[in-house]
> 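Here it is, the structure, as structure tokens.
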Amino acid sequence: MKSYKSLGSLLLLSVLAAAQSHPHKKSAKPTASPKSKAETARSIHQSALIIDTHADTPQRFLDENFNIGQNTPVDQGHIDLGKIKQGNLGAEFFSIWIEPEFKGHYARRAMDLIDSVYQQAARHPDKMTMAFSADDIVHAHEQHKFATLMGIEGGHAIENDMRLLRDFYRLGVRYMTLTWSNTNDWADSSGDVQDPNVKHHNGMTDFGKDVVREMNRLGMIVDISHVSDATFYHALLVSQAPVIASHSSSRELTNHPRNMTDDMLRAVRNNGGVVMVNFNSAFVDEHYRKVSSDPEKLKQRDAEVEAFKKAHPHPDGSPVTYNEYAPLEKKWASQFPRPPLNSLIDHIDHIAKVAGIDHVGLGSDFDGVTSLPQGIDSVADLPKITEALFQRGYNREDIHKILGGNFLRVMREVEATARRLQTEPSTTLSFSEVELMLANRASTSRIVERISEHGVDFDLTPERRARLKAQQAEDAVLDAIVKARRK
Ligand SMILES: [Zn+2]
């Protein structure tokens, strides 16, 4: 946040400008009237390129055949083209969220959701366009089109296969949360890290770290929303590019494991990344979190959901999706009063103070949450956030950073890192390259030859040894790796 002094002079300027354009108002006192303050906030909002990094609308596209061009009541959906225009939203990252219930078909489910986003863009070519880079977002904005992007939610979507990760990048996916609420085979989640029945990795496995490296090389943003604290710190150690939290808030203010501690906020600042604040009532208001996490009430909700799933099975055996039982969860959530808008603004303010004004943004989680703060009924209400920030003393430049500028900077840095990593190819072999040779059934002598010629950039940890063994690597290959490392 800039000083109040500069805010004062800005207000004075706008008052003077208003006085000049309305000569009859010349006698007005040189203090900002409530009306001119609201007008200034409005102009700050309308002149911004606004980027939201998380909305779960694709499930509505796919499972409900929802048309984004259709205006919908706010109790049915937070996003449509009319509301996007009202809120002046410039770009949205639609979440390709893979429910763990789709086990065995994660990638297939992801492909279907990706297709549903492209289909919406194809339906409204005059109003929206697919975007794949920071430049694309800016160009779409210049053409007054809504920029449509995609991020995968849940690293299990790649089915432990680096080739699928690359395929998702080629399809246009530009970020991936390393986990969702479920720990996967290579990274721990904050959602079940306390559950003794889940096999954990103390953060990330070697493969998980290789996923981060490959994301850096591709130019896919590493997203640490949902991960456990240990996974977070591992990701920051490994990543050569800035990371994002696409939809996370502050744990200092609201003690939810999905939120980020002040130490994590400072780590993101040092990494050059950005924390996009989640609007979910349970993540931004401590009182709401407490009352809504009452174990008895949660038990009752979960029982209702289970009963609904049993009563509404799909004939083809596919899982009952979140959207089908979402009305039940919304009804359950409505028993708790919505927190004030100020709770959300407090989180933006806190993160701006602890991580810095260059490291905070908006990650609404629209269409994925059952309760939002008062006044925020849908994307159409985004101007209220700008107005509240302005009233707290944030100036135009700071607000524009929060609304999209910070994220755009991070996206550009991720793209630049990828270009650097791709143009300076290392001649030493990575673990995934050795795996690829095995998968392609290269002969043992050929693999050994390449390892001794180029060297390897990894140590043969017990985990890697087991992985290679499982892929039928002969002892000669393992010996060659150890020997190459000794050199
Ligand atoms: Zn999420």
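Counting starts at 1 for both ligands and their atoms, in listed order. In what follows, every heavy atom counts, from backbone to side chain, and hydrogens, waters and symmetry copies are set aside.
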> Going by an N to O cut-off under 4.0 Å, is there a salt bridge joining Arg289 and Glu286?
yes
> Which atom, counting only N, O or S, brings Glu153 closest to the Zn ion (ligand 1)?
OE2
> I'd like to know if Arg170 and Asp167 make a salt bridge, using a cut-off of under 4.0 Å between side-chain N and carboxylate O.
yes
> Would you call Arg217-Asp210 a salt bridge at under 4.0 Å N-O?
no
> If you check every N/O/S atom of His247, which is the one nearest the Zn ion (ligand 1)?
NE2
> Could you tell me whether the side chains of His201 and Thr205 share a donor-acceptor contact shorter than 3.5 Å?
no
> With respect to the Zn ion (ligand 1), what is the nearest N, O or S atom of His226?
NE2
